[in-house]
Novice: 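Structure below; questions to follow.
Lettering follows sequence order; numbering is per chain, from 1.
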Protein chains: 2
Amino acid sequence: MAFYSSGVEYGIHSLMYMVDSKGDARDMSVREIADLQSVPYDYLAKIFTRLSKAGLVRSTEGKGGGYQLARPAEQITVLDVVNAIDGAKSVFACREIRQRVVIFDEQPPKWACEGLCGVRAVMDSAQQRMEESLAQHTILDLTRKMYRKAPPTFVVEVQEWIDARKA
Amino acid sequence: MAFYSSGVEYGIHSLMYMVDSKGDARDMSVREIADLQSVPYDYLAKIFTRLSKAGLVRSTEGKGGGYQLARPAEQITVLDVVNAIDGAKSVFACREIRQRVVIFDEQPPKWACEGLCGVRAVMDSAQQRMEESLAQHTILDLTRKMYRKAPPTFVVEVQEWIDARKA
DNA sequence: GGAAATCTACTCGGATACCGCGTGTCCGAGTTATGGTGG
DNA sequence: CCACCATAACTCGGACACGCGGTATCCGAGTAGATTTCC
């Protein structure tokens, strides 16, 4: 299975649509975002509460409310989104096998318990590299890249869809 | 959940015990390795068939048989073990959400399908960073680090346990 | 016409159902050394 | 003494049971703007 949940994917793509062609924030409701991308609404709603708790988006309640980026899109990294949605999870779950060696039966010595397990240290550092890489890409980067790839008509079509929706 | 399976952990720790204090390969049976580390035997057996298929260990069948590193421990990286056991799996499962935008209904245009999804590209490159990091650590490194941390008596105790076991 | 009640469209949070996959176990088959047995 | 056979200790491979967590759905509660109703 994949490490990052599908929620992460939904989250990132959603945030990408919450910034317009000029890079400014755009106010949208969860239902709009879900319908726009043909994504399950209830599920996406849960994801946005997490994004909100993490401070990546701001919510306004009541009718006409919705979500909005809490800070500029160039200050929201992919790592931020990942952490917000999936939480701090580890690529590797160390089971302290080093302590289970049959030689020290029932009572592993201190040297086998203190510090980080060597295997785990390697894994942790690898994960850190990955996260550093994720931290180098922002939502704005992704949005720009998407709009650059699409024909110019796409930007306005999205905007029109949203406007028609509000009415 | 963790990305790398517990099998990976078992595998790496097992390989570490298959090289002696001088760094030379040591012949061991799965049962020995499992008992030494108090790890489920049947499960570990499956892991070793994978290591074997990947060419990391060599097997000798029949009584007195067992496994042995197929190449020097300094030429087996953590990434090798991970790939052998968990196979080539991806941190991120792209669901092509970009194609699901409601604007192009039922028939996403070509530009939305060709090339890599932007989000996926970011994830893939991040994973690559992680794997590069894993490829920089070898089994020999890990073994050395373990023996360096343990008191000198530990090395001989392990050897004695193995020898007593053979008799 | 203004205040109050109703309606509608949101954000929240909990409970739950489904199901795939990791983890672990069991069993049978094939292989090779070892030890015992009979001629 | 030697050929033969049973046994034990391995590696393989498939099948399966169990449980957890990701995915998704449903529902109720709270909030706030828009609309209607009623005096």
Novice: Suppose we call a contact any N or O donor and acceptor under 3.5 Å apart; does that hold for the side chain of A:K89 and the base of D:dG21?
Specialist: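 Per atom types, no contact qualifies.
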Novice: Look at B:K166 together with B:E32 and state whether they make a salt bridge at an N to O cut-off of under 4.0 Å.
Specialist: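 Yes.
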Novice: Determine the interplanar angle of the B:Y67 and B:F48 rings, folded into 0 to 90°, and report it as parallel if under 30°, tilted if 30 to 60°, perpendicular if over 60°.
Specialist: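 Rings of B:Y67 and B:F48: tilted, as their planes differ by 30° to 60°.
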Novice: Is B:S59 near enough to D:dC12 that one of its side-chain N or O atoms lies under 4.0 angstrom from OP1 or OP2?
Specialist: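 For B:S59, the contact criterion (side-chain N or O under 4.0 Å from OP1 or OP2 of D:dC12) is met.
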Novice: What's the closest nucleotide to the A:P40 side chain, out of D:dG22, C:dC10, D:dA24?
Specialist: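 Of the candidates, D:dA24 comes closest.
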Novice: Please state how far atom OH in B:Y43 lies from atom C1' in C:dG22, giving the value in whole angstrom units.
Specialist: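 Going from B:Y43 (OH) to C:dG22 (C1'), I get 6 Å.
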Novice: Here's a test of your reading of the structure: between A:E61 and A:Y4, which maps to the more 5' nucleotide of DNA chain D?
Specialist: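 Going by which nucleotide is closer to the 5' end, it is A:Y4.
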Novice: Classify the side chain of B:K63 versus the base of C:dG35 as yes if they form a donor-acceptor pair under 3.5 Å and no if they do not.
Specialist: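 No such pair is found, so the answer is no.
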Novice: Provide, to the nearest angstrom, the distance between the NZ atom belonging to B:K46 and the C1' atom belonging to C:dG28.
Specialist: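 Whole-Å distance recorded here is 12 Å.
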Novice: Separation of A:M1 atom CE from D:dC20 atom P, in whole Å?
Specialist: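 Taking CE of A:M1 and P of D:dC20, I get 15 Å after rounding.
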Novice: Indicate whether OP1 or OP2 belonging to D:dT23 is found under 4.0 Å from a side-chain N or O atom of A:S5.
Specialist: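 A:S5 to D:dT23 OP1/OP2: side-chain N or O found under 4.0 Å.
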Novice: Under 4.0 Å between a side-chain N or O of A:Y41 and OP1 or OP2 of C:dA9?
Specialist: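 Looking at the OP1 and OP2 atoms of C:dA9, neither is under 4.0 Å from any side-chain N or O of A:Y41.
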Novice: For C:dG13, take OP1 and OP2 only and decide whether either is under 4.0 Å from a side-chain N or O of A:K53.
Specialist: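 True: A:K53 side-chain N/O within range (under 4.0 Å) of C:dG13 OP1/OP2.
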Novice: Go through C:dC12, D:dC26, D:dG22 for me and flag the one nearest to the A:D42 side chain.
Specialist: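 Given the options C:dC12, D:dC26, D:dG22, the side chain of A:D42 is closest to D:dC26.
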Novice: Rounding to an integer number of Å, can you tell me how far A:F3 CZ sits from C:dC21 P?
Specialist: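 Value for this atom pair: 18 Å.
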Novice: Could you check if a side-chain atom of B:I12 sits within less than 4.5 angstrom of a side-chain atom of B:H137, using non-hydrogen atoms only?
Specialist: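 Of all side-chain heavy-atom pairs linking B:H137 with B:I12, none is under 4.5 Å.
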Novice: Any idea which of C:dC26, D:dT11, C:dT11 is nearest the A:V30 side chain?
Specialist: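 Closest nucleotide among those given: C:dT11.
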Novice: Calculate the interatomic distance between A:I85 atom CD1 and D:dG21 atom P; express it in whole Å.
Specialist: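 In whole Å, D:dG21 P and A:I85 CD1 are 20 Å from each other.
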Novice: For D:dT23 and A:S6 - does any side-chain N or O of the residue sit under 4.0 Å from the phosphate oxygens OP1/OP2?
Specialist: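 Yes, such a contact exists.
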Novice: For A:I47 and C:dT11, give me the distance from atom CD1 to atom C1', rounded to whole Å.
Specialist: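 Answer to the nearest Å: 15 Å.
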Novice: Is the phosphate of D:dT23 approached by B:R95 (side-chain N or O, under 4.0 Å from OP1 or OP2)?
Specialist: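 True: B:R95 side-chain N/O within range (under 4.0 Å) of D:dT23 OP1/OP2.
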Novice: Would B:D35 and B:R165 count as a salt bridge (charged side-chain N to carboxylate O under 4.0 Å, His left out) here? Give the steps.
Specialist: CA-CA 10 Å; B:D35 287 353; B:R165 180 84 182 214; 2.7 Å; yes
